[in-house]
Amino acid sequence: MLAMKQRSCALLGAAGDEDNGVGGDADHRTRKANTHKKRFRKKIESEEDEDGEVIARGAAERQVKRRTSDEGSESEEERLCDQREREQLEQNIRERDTAATRKLTEPKLLRREKEEAMRRSDALEKNGLEALRRVSRQEYLKKREQKKLEELRDDIEDEQYLFDGVKLNEAEYLELRYKKEIYELVKKRSEDADNTSEYRMPEAYDQEGGVNQEKRFSVALQRYRDATAAGKMNPLAEQEAWEEHQIGKATLTFASKNKKQISGDHQFVFEDQIDFIKASVMDGENTIDDEESTEREKSTAALEEERKTLPIYPYRDELLKAVHDHQILIIVGETGSGKTTQIPQYLHEAGYTMRGKVGCTQPRRVAAMSVAARVSQEMGVKLGHEVGYSIRFEDCTSEKTLVKYMTDGMLLREFLGDPELASYSVVMVDEAHERTLSTDILFGLVKDIARFRLDLKLLITSATLDAEKFSDYFDSAPIFKIPGRRYPVDIHYTKAPEADYLDAAIVSVLQIHATKPCGDILVFFTGQEEIETAEEILKHRTRGLGTKIADLIICPIYANLPTELQAKIFEPTPEGARKVVLATNIAETSLTIDGIKYVIDPGFCKMKSYNPRIGMESLLVAPISKASANQRAGRSGRTGPGKCFRLYTAYSYHNELEDNTLPEIQRTNLASVVLTLKSLGINDLLNFDFMDGPPCEALLKALELLFALGALNKLGELTKVGRRMAEFPLDPMLSKMIVASEKYECSDEIISIAAMLSIGNSIFYCPKEKRVHAYNARMNFHTGNVGDHIALLKVYNSWKETNYSTQWCYENYIQVRKMKRARDVRDQLEGLLKRVEIEVTSSPNVEAIKKAITSGFFPHSARLQKNGCYRTVKHPQIVHIHPSSGLAQVIPTPRWVLYHELALTTKEYMRQVTELKPKWLLEIAPHYYQLKDVDDRSGFPTIL
DNA sequence: GAGCACTGC
């Protein structure tokens with residue numbers, strides 16, 4: 001019983017330590033944690049001691065933790081055990097201490113040998129990179145520091161711990177010496193760098209590297225060049241075309257010029273008008289009119305000149321000095337200041353790349369690619385050589401890469417192989433204000449590393465609003481401000497709140513169209529449905545206006561829109577016409593449309609939120625934040641002064657909107673985050689230094705799930721299974737499914753299913769006018785009521801059989817783009833299978849495949865109720881089969897089902913459902929289900 | 001008989 005309690009405490013990280021928190025909030029959180037502990041303990045009591053595959057490390061640390069978290073234990077038995085443990089701990093400490101003193105007295109020669117051996121094994125471990133034998137990051141760092149301290153100890157011979165004339169104890173003295181030494185080293189190196197006036201530019205590497213590498217570079221470069229020859233969208237490569245287009249924008253600007261001014265006196269009177277009040281002007285800064293030229297090929301000299309016109313240029317030396325003087329720097333710069341392209345170049349020119357790479361993270365793939373392409377052009381080198389980028393499915397870097405752009409998730413993955421980012425001298429986290437999940441985790445990790453690696457420079461760039469917060473988080477790091485280049489934007493609010501924002505938005509569009517001078521309009525909506533409705537109404541209303549009014553070109557844009565149609569928004573507006581772009585949040589950050597002069601902002605967006613208690617995600621319409629509203633407004637001031645019409649009152653803006661959008665980490669399922677952190681050796685998650693910690697309940701839920709999946713043992717440590725799971729960039733349940741497929745010898749099928757599941761639920765395309773056809777096509781894959789998982793497998797395999805035919809996709813109402821992505825994911829998973837030593841085996845046995853799925857998704861089981869609904873087994877909750885499922889209309893209704901996810905829309909729906917035999921639950925997850933769970937009390941006889 | 005903001009590994 002006692003052991004049980006200790007286990008649960010350790011598993012929960014430092015839940016017990018929480019009482020040291022601040023005020024009543026901590027109390028509340030502790031109480032919550034305690035109820036979870038109780039629940040957890042119950043679960044653990046039903047456990048057997050079978051999966052003891054622990055990667056032993058930090059044992060003493062754990063003991064300390066267990067001791068502290070168990071304070072206040074009641075029984076005599078517990079106290080005795082506690083006593084024993086304390087003795088053990090003290091024994092450990094004694095041993096360690098004597099070992100340390102022994103080291104000090106041993107002859108130097110012997111010690112050198114030992115150190116050499118240690119160094120070699122360090123190097124081995126570091127370079128070995130063998131996933132399963134990876135050394136934990138913390139252990140590695142500790143060892144490294146220890147070694148350094150020992151070296152310092154050698155130097156102290158007179159036993160006088162004087163540092164700058166102050167007498168210190170040994171520990172303090174060593175620490176200071178350690179820090180000072182590294183500081184001196186860094187200073188010397190950078191001084192050396194400063195004194196060198198010339199930097200050797202490596203030659204082209206044409207002879208080096210494999211053929212593939214070479215081919216890849218040229219393809220990447222070609223892509224970049226081709227992108228500027230816009231308009232040629234290859235229907236066979238939608239995704240690529242889309243990305244090409246995005247890259248093209250790095251050098252191209254589309255602007256509508258010289259449009260005819262619409263005469264001020266017009267005879268149209270719309271039924272309703274909205275009164276706007278101009279309330280404020282968002283100031284423009286540095287409004288120099290030198291937009292990037294549209295010329296494609298430019299001499300290096302011309303590019304060099306262009307670089308000098310960027311707003312950041314006058315701050316170059318000041319910035320470099322700040323970087324030199326401070327380890328961590330917060331940089332505030334508006335879009336257009338050139339920070340993303342210039343800072344890494346400045347750092348390179350200042351010699352920082354001589355002792356490691358300059359890494360720069362971006363939240364989006366396209367941004368990483370296009371910026372890298374731009375910078376390589378500016379530096380006059382081949383993309384992929386000195387300047388490269390690294391995104392999922394595409395690593396365009398080489399050994400010679402000095403400046404590396406990458407997605408933030410990619411850097412996170414790099415942590416797994418390189419626990420202290422040894423190959424980097426500077427890490428720049430760009431667009432930090434967006435607070436993506438990966439960025440938030442990176443913050444914690446880089447902050448930690450910076451404490452050990454004093455030679456590592458850290459740059460965090462953010463928008464103005466929360467710079468202070470970043471500074472506070474990074475130990476009061478100095479803030480460096482760079483002005484952006486933006487035109488002023490007039491902000492207008494409505495006089496009174498609008499009841500129907502959709503209607504109000506349409507009225508405003510017409511109002512602007514009829515009364516304001518030329519310039520395109522951008523309207524923000526929440527989703528596809530709204531956009532389609534708005535499009536219809538607008539078309540209807542403009543139809544009757546005849547030729548008295550200029551043409552209104554309506555362009556919808558949302559992520560699920562087929563790419564050919566998306567390209568339409570980038571076409572220049574014909575003379576005399578006006579373009580109105582109806583967009584989702586995609587236009588807020590992900591893509592930039594030039595020529596926009598008016599923005600209409602209804603103030604809403606769809607936001608995902610997660611309920612950890614029942615494990616359900618929901619997508620709800622919610623008011624945007626002030627930061628978001630300003631971002632939207634700024635979209636109108638890119639090519640000239642703009643106007644933003646907000647469909648809410650100034651009062652609402654100031655008093656009702658939040659300052660910032662809730663960071664993603666606080667509203668998402670954390671299972672995969674927790675697995676990643678655990679595999680980085682971070683065991684104490686509740687005390688991990690998050691900038692904004694996620695809800696305690698969500699963390700506990702994630703731990704609970706990972707424990708059930710066998711990824712964590714009872715002490716909350718990563719097991720071998722967990723270590724293998726962490727290799728896959730997927731949700732842990734999908735990863736578990738893959739790991740389990742080894743046992744059922746169907747890994748080939750399972751990775752196809754995992755790939756299909758991971759790309760989401762928009763594989764089937766369903767145009768309104770062809771609904772019946774689309775439905776029939778979809779149902780073809782469901783013959784035999786095999787369930788949605790197997791149906792997805794059928795879709796993938798059929799596509800493969802047609803040699804990945806685009807035509808086949810059109811015929812079957814399937815989105816080619818998504819299928820291509822699934823193929824990429826599948827290829828990646830196949831590669832990773834080798835890494836975790838799972839053979840690719842194919843099995844025709846459907847039951848085996850379903851069992852493998854069950855191994856990952858057993859917590860997601862539901863049983864039929866008398867009334868035809870389903871109820872989830874473990875955390876009782878009434879749910880329904882989603883109508884898009886192949887099992888939605890099957891008769892007889894399956895009694896037991898397994899679902900991929902729960903989603904709250906109009907009802908609580910299960911998406912992607914497969915029939916299940918209850919005996920599998922007992923067979924596969926005996927630790928999770930007991931007989932009474934699958935024993936039927938609902939009136940149906942259970943078939944076991 | 002419903003519906004799917006947006007990213008990322």
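Letters go in sequence order (proteins before strands), and every chain restarts at 1.
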Per [X] side chain, nearest of listed nucleotides [options]:
X      : options             : value
A:K606 : B:dA2, B:dT7, B:dA5 : B:dA5
A:T407 : B:dG8, B:dC4, B:dG1 : B:dG8
A:K608 : B:dA5, B:dG3, B:dC9 : B:dA5
A:K907 : B:dC4, B:dT7, B:dA2 : B:dA2
A:M410 : B:dC9, B:dC6, B:dC4 : B:dC9
A:N560 : B:dC4, B:dA2, B:dC9 : B:dC4
A:S590 : B:dT7, B:dC9, B:dA5 : B:dT7
A:P729 : B:dC9, B:dA2, B:dT7 : B:dC9
A:Y775 : B:dG1, B:dG3, B:dC6 : B:dG1

Atom [atom1] of [X] to atom [atom2] of [N]: distance rounded to whole Å?
X      : N     : atom1 : atom2 : result
A:R835 : B:dC9 : CZ    : P     : 16 Å
A:L620 : B:dC6 : CG    : C1'   : 15 Å
A:E394 : B:dG8 : CD    : C1'   : 15 Å
A:H882 : B:dC4 : NE2   : P     : 6 Å
A:Y405 : B:dG8 : OH    : P     : 18 Å
A:D824 : B:dC9 : CG    : C1'   : 13 Å
A:H880 : B:dG3 : NE2   : P     : 11 Å
A:H433 : B:dT7 : NE2   : C1'   : 13 Å

For [Y], is there an ion pair with [X] - N to carboxylate O distance below 4.0 angstrom?
X      : Y      : answer
A:D430 : A:K339 : yes
A:K606 : A:E530 : no
A:K404 : A:E414 : yes

Base, sugar-phosphate, or nothing for [X], non-hydrogen atoms under 4.0 angstrom?
X      : result
A:R392 : base
A:E529 : nothing
A:F728 : nothing
A:F525 : nothing
A:T526 : sugar-phosphate

- request: List the steps, then state whether side chain to side chain donor-acceptor pair (under 3.5 Å) holds for A:R667 with A:S609.
  value: CA-CA 5 Å; A:R667 48 186 174 88; A:S609 57; over 6 Å; no
message: Counting only side-chain nitrogens and oxygens, does A:R413 get under 4.0 Å of the OP1 or OP2 atom of B:dG8?
response: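 No, outside the criterion.
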- prompt: Side-chain N or O of A:T906 less than 4.0 angstrom from OP1 or OP2 on B:dG3?
  reply: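 Result: yes.
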Shortest non-hydrogen contact between A:P363 and A:D408, atoms and distance: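 Of all heavy-atom pairs spanning A:P363 and A:D408, the closest is CA-OD2, 3.8 Å.
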query: Is the number of heavy atoms from other residues, nucleotides or ligands within 6.0 Å of CD (A:E529) greater than 12?
result: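 12 or below, so no.
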message: For A:R911 and A:F393, find the nucleotide of DNA chain B closest to each by heavy atoms; which residue's nucleotide sits nearer the 5' end?
response: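 On the 5' side of the pair lies A:R911.
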- prompt: If you pin A:T584 and A:L730 to their nearest nucleotides in DNA chain B, which one's is more 5'?
  reply: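 Its nearest nucleotide lies further toward 5', so the answer is A:T584.
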